[in-house]
Novice: 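Below is a structure I'd like to ask you about.
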Amino acid sequence: MNTLLLHCRPGFENEVCAEISDQAARLGVAGYAKAKADSACAEFICPDAAGPERMMRGARFARLIFPRQWARGEWLALPETDRIGVLLERLKSMPVCSSLWLEVVDTNDGKELSNFCRKFEGPLRKALEKAGRLKEGGQGPRLLLTFKSGREVFVGLAEADNSAMWPMGIPRLKFPRQAPSRSTLKLEEAWHHFIPRDQWDERLAPGMTAVDLGASPGGWTWQLVNREIEVMAVDNGPMNEELLESGLVGHYRADGFAFRPKRPVNWMVCDIVEKPAKNAALLETWIGEGLCREAVVNLKLPMKQRYAEVKRLLERIADGLAERGVKASIGCKQLYHDREEVTCHLRRL
């Protein structure tokens with residue numbers, strides 16, 4: 001159990017290695033990170049079995065930027081004839097688990113294993129329950145089995161409140177047909193990640209006001225309108241006609257970086273394709289000057305040193321708000337629906 005396995009978007013393995021190594025240094029946990037390019041996962045190897053658990057106790061998964069999922073454990077070889085028997089034998093020395101997720105990495109090879117996992121889960125679940133190794137809804141950790149193939153699996157543990165909300169960190173969101181672009185899912189996923197579901201009715205309430213910078217054609221505006229929030233959609237490009245006819249959208253043909261509302265709004269959202277430093281400065285200005293209470297802004301990433309750049313920008317935002325005497329919560333995540341970008345959420349406290 002000396003390995004911490006982390007899922008990620010393919011191509012961002014180096015960012016995960018840099019981030020988890022940074023966390024290990026902060027927590028004083030010895031070990032090293034390794035990953036293969038485009039493998040959609042990385043590993044942090046510790047010299048002792050207590051290292052991964054210390055990492056998971058010392059860091060909050062929701063605060064990590066690039067990992068989609070994590071679990072502490074080890075790789076296990078499986079025979080073709082008695083996979084369940086071998087798994088049960090290995091699990092004898094592990095805690096009784098409260099839930100079971102079968103996962104694969106987000107690659108073409110991984111996706112080909114999805115059908116195997118669906119067929120294998122039912123018999124495995126019954127065997128685990130019969131052996132007393134799985135008690136749904138109990139107090140134990142979640143059992144996360146990440147299959148590299150039908151012959152090799154990572155047997156991992158993670159606490160349900162300190163790991164991904166969905167298997168593999170991939171949300172099951174349905175694209176709404178009425179939305180004018182698929183980018184709408186980025187804002188919906190951001191709400192799921194940054195706002196507890198039981199607070200949606202309070203923080204995303206009908207009658208609130210919002211500004212959508214770079215709104216055209218209206219993917220993010222659609223999410224706000226769907227919550228009956230009044231939107232100032234700022235973009236020189238055209239907006240979806242149905243949104244304009246909703247009575248909740250005002251279209252302002254203006255520069256998103258220069259636009260300011262006449263009075264503060266509840267929300268500012270922005271998905272403008274621009275240098276990350278410029279979008280970060282915009283985010284700091286809106287929260288720092290009290291132009292909005294909460295904001296979701298995407299930062300497009302450079303080709304190299306992406307973790308270092310995001311960390312630098314987040315520190316700059318925090319320092320800038322501190323200089324203004326403004327307290328705010330700052331969150332950042334590379335969401336599943338993000339590509340070469342991360343999503344930042346700030347809330348003025």
Novice: Can Val296 be reached from Leu299 by stepping across I, L, V, M, F, W or Y side chains whose heavy atoms are under 4.5 Å apart?
Specialist: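 Per the 4.5 Å side-chain linkage, Leu299 and Val296 are not co-clustered.
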Novice: Give a yes or no on whether the backbone of Ser183 and the side-chain of Trp220 come within a donor-acceptor separation of less than 3.5 Å.
Specialist: yes
Novice: Are the side chain of Arg172 and the backbone N or O of Ile170 linked by a donor-acceptor pair below 3.5 Å?
Specialist: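 Confirmed, Arg172 side chain pairs with Ile170 backbone.
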Novice: State yes or no: are the ring centers of Tyr32 and Phe44 separated by less than 6.0 Å?
Specialist: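 No, too far apart.
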Novice: Tell me whether His7 contacts the main-chain N or O of Glu103 through its side chain, where contact means a donor paired with an acceptor under 3.5 Å.
Specialist: no
Novice: For the residue pair Phe120 and Phe147, categorise the inter-ring angle as parallel (less than 30°), tilted (30 to 60°) or perpendicular (more than 60°).
Specialist: perpendicular
Novice: Regarding Arg142 and the six-membered ring of Trp101, is the cationic atom NZ or CZ under 6.0 Å from the ring centre and inside 45° of its axis?
Specialist: yes
Novice: I need the full list of salt bridge (Lys or Arg N to Asp or Glu O under 4.0 Å) pairs touching residues 269-286, with sequence neighbours left out, sorted by first then second residue.
Specialist: Lys186-Asp271, Asp271-Lys300, Glu274-Lys278, Glu284-Arg324
Novice: Starting from the C-alpha separation in whole Å, work towards a yes-or-no answer on side-chain contact (heavy atoms from CB on, under 4.5 Å) for Cys41 and Leu5.
Specialist: CA-CA 7 Å; Cys41 66; Leu5 178 68; 4.2 Å; yes
Novice: For a quick check under 3.5 Å, do Glu242 and Gln178 share a side-chain donor-acceptor pair by atom type?
Specialist: no
Novice: Test: salt bridge (Lys or Arg N to Asp or Glu O under 4.0 Å). Region: residues 33-45. Which pairs qualify, not counting sequence neighbours?
Specialist: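 Residue pairs with at least one partner in residues 33-45: there are none.
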Novice: Assess whether a salt bridge exists between Lys126 and Glu129, defined as any Lys/Arg side-chain N lying under 4.0 Å from an Asp/Glu carboxylate O.
Specialist: no
Novice: Under 3.5 Å, is there a donor on one side chain and an acceptor on the other for Ser329 and Arg347?
Specialist: no
Novice: Within the structure provided, determine whether Ile229 and Leu248 are in side-chain contact (heavy-atom separation under 4.5 Å).
Specialist: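 In short, these two side chains do not touch, never coming nearer than 4.5 Å.
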Novice: Show your working on side-chain contact (heavy atoms from CB on, under 4.5 Å) between Asn298 and Asp338 and close with a plain yes or no.
Specialist: CA-CA 9 Å; Asn298 271 1; Asp338 287 337; 3.7 Å; yes
Novice: Take Val310 and Cys332 through the side-chain contact (heavy atoms from CB on, under 4.5 Å) test and state the conclusion after the steps.
Specialist: CA-CA 9 Å; Val310 172; Cys332 184; 3.9 Å; yes
Novice: Measure the shortest side-chain to side-chain distance between Glu294 and Arg203 over non-hydrogen atoms and say whether it is less than 4.5 angstrom.
Specialist: yes
Novice: Is there side-chain contact between Lys311 and Asp22, with at least one heavy-atom pair below 4.5 Å?
Specialist: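 Heavy-atom side-chain distance check passes, below 4.5 Å.
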Novice: Are any non-hydrogen side-chain atoms of Trp70 and Asn162 less than 4.5 angstrom apart?
Specialist: yes
Novice: Is there a side-chain contact between Leu187 and Thr343 in this structure, where contact means two heavy atoms from C-beta onward sitting under 4.5 Å apart?
Specialist: no
Novice: Honestly, is Arg306 close enough over Phe12, meaning NZ or CZ under 6.0 Å from the six-membered ring centre and within 45° of the axis?
Specialist: yes
Novice: Determine, using ring centers only, whether Trp200 and His192 are less than 6.0 Å apart.
Specialist: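 Ring-ring flag for His192/Trp200: true, centres closer than 6.0 Å.
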Novice: Looking only at the side chains, is there a donor atom on one of Thr184 and Gln223 sitting less than 3.5 Å from an acceptor on the other?
Specialist: yes
Novice: Hey, are the side chains of Phe154 and Lys148 touching, using non-hydrogen atoms and a 4.5 Å cut-off?
Specialist: no
